[in-house]
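The model shown is predicted, which means the values in this text are computed figures rather than measured ones. Only heavy atoms go into these numbers, but all of them, side chains included; no hydrogens, no water, no symmetry mates. The sequence lines fix the lettering, A, B, ..., with proteins before strands; numbering per chain opens at 1.
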There are 2 protein chains.
Amino acid sequence: MYKKKNYIPFDRRITARKAIFAQKLNMASAKSTTLEPLESLSMTDRVENILRDYFTENAFKPGDQLPNEFEMAQKLNVSRNVVREALSRLRMLGMVESRPRRGMVMAQPDLLAGLEKVLNPLLLSQDDLKDVFELRLVLELGVSEILFARKTPEDMAELEEIAERQKGLAVLTKEDEIEFHGKLYDMTGNETLHRFQSMLAPVFDHVFAAYYNKTSKSSKLEQVTHYDLFKVLKEGTAAQFRTAMYNHLAVYIDSASSR
Amino acid sequence: MYKKKNYIPFDRRITARKAIFAQKLNMASAKSTTLEPLESLSMTDRVENILRDYFTENAFKPGDQLPNEFEMAQKLNVSRNVVREALSRLRMLGMVESRPRRGMVMAQPDLLAGLEKVLNPLLLSQDDLKDVFELRLVLELGVSEILFARKTPEDMAELEEIAERQKGLAVLTKEDEIEFHGKLYDMTGNETLHRFQSMLAPVFDHVFAAYYNKTSKSSKLEQVTHYDLFKVLKEGTAAQFRTAMYNHLAVYIDSASSR
DNA sequence: ATATTTTTAATTGTAGGACAAATATACTAT
DNA sequence: ATAGTATATTTGTCCTACAATTAAAAATAT
């Protein structure tokens with residue numbers, strides 16, 4: 001307890017508000033060509049934007065120390081609450097980190113943190129769900145080049161083990177699908193792509209289960225299996241693999257095209 | 001000015017804290033198999049998670065009215081500040097909307113809002129930048145199926161106009177690239193894909209300009225032009241288009257593969 | 001009873017005060 | 001110089017207050 005003497009809390013010491021950056025704050029982003037509802041941004045919105053601009057304009061890099069909250073609040077002529085709400089957002093994105101009493105530092109944002117929190121089938125619009133569905137399809141069809149460029153014997157052995165095991169199964173579960181396709185993305189060496197795909201997958205399943213008639217084209221008996229895909233990846237070319245993947249996903253692609 | 005009588009501000013009326021949901025709050029997410037720094041979540045982090053869980057578990061849909069901030073703070077036994085910081089995050093993601101004095105409602109989140117704010121080449125790690133670079137490549141290579149399924153005569157006419165105009169140019173600017181490829185994504189009818197791509201593009205350019213040796217393979221003179229792409233899209237097949245796009249992007253793909 | 005006006009209540013946005021905890025720094029005693 | 005102690009710093013959290021404004025309720029007029 002160091003609460004003796006005439007100690008003035010730090011909070012109180014700064015009282016005079018110098019509205020240095022106030023102009024910055026108050027300058028409306030006036031540039032709407034078409035008349036729109038003029039979505040008046042809240043202070044928090046504006047401070048968030050200003051801070052991000054400030055970081056990029058001043059070329060802040062991960063690890064760089066940031067001014068403290070009081071200083072920001074002063075300079076911007078807003079309350080600490082507003083600054084904290086804005087910072088809270090940036091913290092969520094991984095853009096800034098703050099260890100208590102040590103201040104805040106710039107950090108490497110988490111690319112997909114925001115997207116991850118938002119991929120909720122109940123909240124997204126039909127259009128967005130459809131877009132996500134297709135996006136995943138586009139990814140699956142687009143990875144073959146990378147796959148061929150990056151595949152290693154070890155990866156192929158592991159993939160073979162998976163494909164071989166699944167060959168015996170009458171019907172593949174969702175987990176089986178994830179295992180095989182997940183391994184594929186793993187093999188790209190692209191961690192973001194891998195994570196991105198696995199975030200999209202549940203939405204993809206939801207959309208397919210909810211909106212598309214699975215039985216329609218399932219009579220197409222000559223379906224390309226995971227083992228087929230493996231074989232083409234092992235012995236074929238990138239172009240052949242693309243075709244194989246296209247056929248493997250034919251059911252979904254038909255669904256996507258038809259609407 | 002209705003400030004007469006013995007009006008007690010709403011803020012003050014609720015004092016007794018019923019820690020009904022306190023358990024929910026205090027239950028640690030204890031499930032780490034490997035020993036990790038035990039990233040103690042802040043109250044705000046926890047409330048953010050709890051709120052999102054609460055929304056999904058109770059199947060909140062866009063338009064649904066949310067409890068007000070006081071109530072949330074009470075129930076969770078935290079201050080309104082903490083609740084507001086958490087809500088501020090969700091507001092940024094478009095997940096909730098709040099019109100002053102009318103309360104908060106669930107909203108349709110903006111799929112890409114979080115990602116958009118974070119795509120800053122100065123802040124992202126080398127690995128992330130490389131991942132984004134490749135991601136864009138994967139998208140370009142993956143859209144051909146959709147393109148063939150969705151192309152319309154009107155779109156093709158517009159694309160032809162662009163390709164025709166660019167045929168005369170000695171060198172294509174960044175804007176030219178955006179115009180042509182942008183139109184391609186536009187033709188997919190997938191708004192999210194379109195926006196996603198245009199968010200990735202600047203990072204893509206940055207990575208290519210900063211890290212890859214452009215001159216290396218540029219001697220490959222038989223480059224596929226935008227007009228070539230157009231022609232294949234018009235007269236060829238999806239498979240041919242994929243090959244054409246692959247060749248069009250060969251410079252980049254070489255870069256990506258080599259590292 | 002119905003329409004219009006006035007009052008009240010509710011709720012977000014914003015400001016600002018307080019303080020604990022913990023760390024980095026300055027200071028003091030040995 | 002070392003160890004120990006006080007001080008300053010800064011985030012996280014809690015609290016109070018109030019303006020603005022709409023929705024609802026009450027009062028008033030038709």
Side-chain angles (χ1 to χ4, degrees), chain A residues 1-17 19 22 25-26 39-48 65-92 96-105 107, chain B residues 1-17 19 22 25-26 39-48 65-92 96-105 107:
Chain A
M1 296 294 182
Y2 325 113
K3 183 67 57 51
K4 318 164 186 174
K5 292 192 179 176
N6 47 3
Y7 177 78
I8 303 172
F10 183 74
D11 298 30
R12 309 285 308 274
R13 256 169 283 171
I14 300 162
T15 47
R17 279 279 170 80
L25 236 185
N26 295 324
E39 35 161 330
S40 69
L41 297 179
S42 69
M43 286 296 180
T44 301
D45 291 331
R46 295 202 276 172
V47 170
E48 184 215 319
Q65 186 80 22
L66 300 183
N68 68 44
E69 295 173 352
F70 286 109
E71 205 175 319
M72 291 181 180
Q74 270 181 262
K75 293 261 178 71
L76 293 170
N77 202 32
V78 295
S79 74
R80 190 156 85 99
N81 274 348
V82 168
V83 171
R84 277 190 62 83
E85 284 190 21
L87 285 170
S88 179
R89 298 174 174 188
L90 303 185
R91 240 184 322 266
M92 175 182 66
V96 310
E97 268 171 25
S98 43
R99 264 98 70 205
R101 287 121 238 148
R102 293 225 287 146
M104 290 180 292
V105 293
Chain B
M1 297 296 184
Y2 324 116
K3 183 66 57 50
K4 320 164 184 174
K5 290 189 182 176
N6 47 1
Y7 178 78
I8 303 172
F10 184 74
D11 298 31
R12 308 288 306 274
R13 256 169 284 172
I14 300 164
T15 47
R17 278 281 169 82
L25 235 186
N26 294 327
E39 36 162 326
S40 69
L41 296 179
S42 67
M43 285 298 179
T44 301
D45 290 331
R46 295 204 276 171
V47 170
E48 184 216 317
Q65 187 80 22
L66 301 184
N68 68 45
E69 296 173 351
F70 287 109
E71 207 175 316
M72 292 181 179
Q74 270 182 261
K75 293 260 179 69
L76 293 169
N77 203 32
V78 295
S79 73
R80 189 157 83 100
N81 271 353
V82 167
V83 171
R84 276 190 62 83
E85 284 190 21
L87 285 171
S88 179
R89 298 174 175 188
L90 303 185
R91 236 183 324 263
M92 176 182 65
V96 311
E97 269 171 23
S98 45
R99 266 96 74 208
R101 286 118 238 154
R102 293 225 288 145
M104 288 179 294
V105 293

> Considering only heavy atoms and no angle criterion, is a donor-acceptor pair shorter than 3.5 Å present between the side chain of Asn81(A) and the base of dG16(C)?
Replying inline: yes
> In whole Å, what is the span from the CG atom of Leu90(A) to the P atom of dT11(D)?
Replying inline: 14 Å
> What are the two closest heavy atoms between Ala86(B) and Val47(B), and how far apart are they?
Replying inline: CB-CG1, 3.8 Å
> Within this structure, what is the CG-to-C1' distance between Leu87(A) and dT13(D), rounded to whole angstrom?
Replying inline: 15 Å
> Does the distance from a Lys or Arg side-chain N to an Asp or Glu carboxylate O, for Arg99(A) and Glu97(A), drop under 4.0 Å?
Replying inline: yes
>> Side-chain N or O of Ser79(B) versus OP1/OP2 of dC14(D): is the shortest distance under 4.0 Å?
In response: yes
>> Counting distance alone, no hydrogens or angles: does the base of dT13(D) have a donor or acceptor under 3.5 Å from a partner atom on the side chain of Arg80(A)?
In response: yes
> Does a side-chain N-to-carboxylate-O contact under 4.0 Å join Glu85(A) and Arg89(A)?
Replying inline: no
> What's the closest nucleotide to the Glu69(B) side chain, out of dA15(C), dT13(D), dT12(C)?
Replying inline: dT12(C)
> Can you name the side-chain contact (heavy atoms from CB on, under 4.5 Å) partners of Glu69(B), sequence neighbours left out?
Replying inline: Arg80(B), Arg84(B), Leu87(B), Met104(B)
> Reckon Ser42(A) has a side-chain N or O less than 4.0 Å from the OP1 or OP2 of dT12(C)?
Replying inline: no
> Between dG12(D) atom C1' and Leu41(B) atom CG, what is the distance in whole Å?
Replying inline: 14 Å
>> Strictly below 4.0 Å: does Arg91(B) bring a side-chain N or O up to OP1 or OP2 of dG13(C)?
In response: yes
>> Rounding to an integer number of Å, can you tell me how far Asn68(A) CG sits from dA24(C) C1'?
In response: 15 Å
>> From C-beta outward on Thr44(B), which listed nucleotide comes closest to its side chain: dT13(D), dG13(C), dT11(D)?
In response: dT13(D)
> Got a second to check how far Leu90(A)'s CG is from Ser98(A)'s OG, nearest 0.5 Å?
Replying inline: 10.5 Å
> Looking only at heavy atoms, which two atoms of Thr44(B) and Ser88(A) are closest? And how far apart?
Replying inline: CG2-OG, 3.7 Å
> In whole angstrom, what separates Arg84(B)'s CZ from dC14(D)'s P?
Replying inline: 15 Å
> Hey, does the side chain of Ser98(A) come within less than 4.0 Å of dT10(D)'s phosphate (OP1/OP2), counting only N and O?
Replying inline: no
With 3.5 Å as the limit, what N/O pairs link the protein to nucleotides 23-26 of chain D?
residue : atom : partner   : partner atom : Å
dA23(D) : OP1  : Arg102(B) : NE           : 3.3
dA23(D) : OP1  : Arg102(B) : NH1          : 3.1

>> If you define the side chain from C-beta out and look only at heavy atoms, does anything of Val96(B) sit under 4.5 Å from Leu66(B)?
In response: yes
>> If I take atom CE in residue Met104(A) and atom P in nucleotide dT9(D), what distance separates them, rounded to the nearest angstrom?
In response: 16 Å
> Met43(B) has an atom CE; how far is it from atom P of dA20(C), in whole Å?
Replying inline: 17 Å
>> Rounded to whole Å, how long is the line connecting atom CZ of Arg46(A) with atom P of dT14(C)?
In response: 8 Å
